[in-house]
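Just follow the structure's listing: the first ligand is 1, and inside any ligand the first atom is 1. Numbering starts at 1 and runs along the sequence shown. All values below were derived from every heavy atom in this structure, side-chain atoms included, with hydrogens, water molecules and symmetry-related copies excluded. None of the values given here were measured: they were computed from a predicted structure.
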Amino acid sequence: MSNYSPLQRLKHPLFEQHQLNVKIKRDDLLHPIISGNKWRKLKYNIEQLKQENYRGILSFGGGYSNHIHALAYAGHYYGFKTLGIIRGEPHYANNATLSAAQKWGMQLIFVDRNSYRQRYDRNYLTELQQIYPEYFIVPEGGSNQLALPGVAEVCQELNSQTQYDTLLTPVGSAGTLSGLIIGDSNQHQILGIAVLKQAEHLIEQVKQLTCAANSHDNWQLLTQYHYGGYAKFSPQNLTDLKAFSELTGVPFEPIYSGKMILALLDLINKNAFEPGHRIVLLHTGGLQGLAGLREQNKIRADEWPLPPGLPAR
Ligand SMILES: *Cc1c(COP(=O)(O)O)cnc(C)c1O
C-alpha cells in the first residue's frame with residue numbers, strides 16, 4: 001500500500017487577498033478505500049498484531065465509522081480477522097459503511113449506548129480480552145500509542161515536500177493530532193480543529209498520548225469550530241464547503257475535513273495569519289462517510305459525488 005501522499009497548492013481568492021500560501025497534504029489519496037489518517041493509525045497496530053501472533057483486531061465505532069470501514073478493509077487485504085463493536089441497532093448492518101465492512105469479513109456486534117460507553121473501562125476491556133483472546137484490542141478511532149508513529153510519518157514526508165509555518169488537522173479522538181505533535185517535534189505551529197462539542201477534554205488526551213506535553217508546546221486545540229456537534233452542520237456550511245471544493249478542485253466531507261476548511265476560512269477572515277504565512281492542511285480522508293450522509297438524506301447525492309473506488313452496493 002502506498003504510504004506517501006501528494007502535496008498540492010490550493011488557489012482561492014481569499015488566500016490571494018490575504019497573501020497566504022496554502023497547500024494540502026492529500027492523505028485522502030493514499031488508497032481508494034483505506035484513505036487518510038485511519039491507514040496511518042493502523043499501520044503499526046497491524047505490525048503489532050503480527051509480532052504478537054494475534055489472529056485479528058477488535059475495535060469500536062459508530063454506525064458510519066471511518067475507522068471501522070478502514071479496519072475491515074485492512075483485515076481483508078492483509079488477511080487478519082476483524083471484529084467491530086458498534087454503537088447502534090442491528091439494522092445499521094445494512095448501511096453503506098457496515099455492509100462494506102461485513103463484505104470484507106468483519107464480524108459486527110451491536111451494543112446500546114450504555115454498553116458502548118464502557119469502551120475505555122479497564123474491567124470491561126479485560127473481560128472482552130478474555131472472551132476474544134485471539135484479538136488485539138484497538139480503541140475507538142484507532143487512537144492508541146501505536147497510532148502515533150504512523151501519523152508521525154506525515155511530518156517526515158512534509159519536511160521533504162515543502163517548507164511551511166502552520167499545519168492544520170481535524171480532530172476527533174486526537175490520535176492524529178498527537179502523532180503530528182510527536183512527528184513534528186516542535187518545528188511548526190500545529191492547529192487541531194475539534195469536530196465535536198465540548199472537546200476540551202481532548203487536550204488532556206493529547207498530553208497523555210504524547211507523554212511529553214512539556215517539551216511540545218507548539219500546538220493548540222481549537223474547540224469553537226464544531227458547528228453544532230459531531231456530524232452536525234447547517235445548509236450554509238454545506239454551501240460554503242461546496243463552493244470551496246469547486247474553487248480548489250478538492251473533495252471534502254462535512255464531518256471532519258470540511259470543518260477544518262470552515263475553520264480555516266474563519267481564521268483567515270479574522271486575520272489570524274500574517275501575510276506570507278505558509279499553511280499546510282492535512283486532508284485526513286474519510287470520504288466514504290459521504291455515502292452514509294447521502295443515505296440519511298443529510299446531503300444531496302447529486303451535489304456530493306462519492307470518491308471513485310468504493311465498492312458498489
Ligand atoms: C477519524 C478521522 C479524523 C479524526 O482523527 P482522530 O485521530 O480521531 O482525531 C479526522 N478526519 C477523518 C476523515 C477521520 O476519519
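- With a 6.0 Å cutoff to the six-membered ring centre and a 45° limit on the axis angle, Lys259 does not count as a cation-pi contact of Phe244.
- Take Phe273 and apply the ring pair (Phe, Tyr, Trp, His ring centres under 6.0 Å) test, not counting sequence neighbours, and it matches His277.
- Remark: of the listed residues Arg40, Lys38, Lys41, Arg40 is the sole one forming a salt bridge (Lys or Arg N to Asp or Glu O under 4.0 Å) with Asp27.
- Grouping Ile, Leu, Val, Met, Phe, Trp and Tyr residues whose side-chain heavy atoms lie under 4.5 Å apart, directly or via other members, places Leu58 in a hydrophobic cluster with Phe60, Leu83, Ile85, Ile109, Val111, Tyr116, Tyr124, Leu125, Leu128, Ile131, Tyr132, Tyr135, Ile137.
- Around ligand 1 you find Asn37, Lys38, Lys41, Asn66, Ser143, Pro170, Val171, Gly172, Ser173, Ala174, Gly175, Thr176, Tyr256, Thr284, Gly285, Gly286, each with a heavy-atom distance below 4.0 Å.
- Residues meeting the ring pair (Phe, Tyr, Trp, His ring centres under 6.0 Å) test with His188, sequence neighbours left out: Tyr164.
- Panel note: side chain Lys25, backbone Ser5; a donor-acceptor pair is recorded below 3.5 Å.
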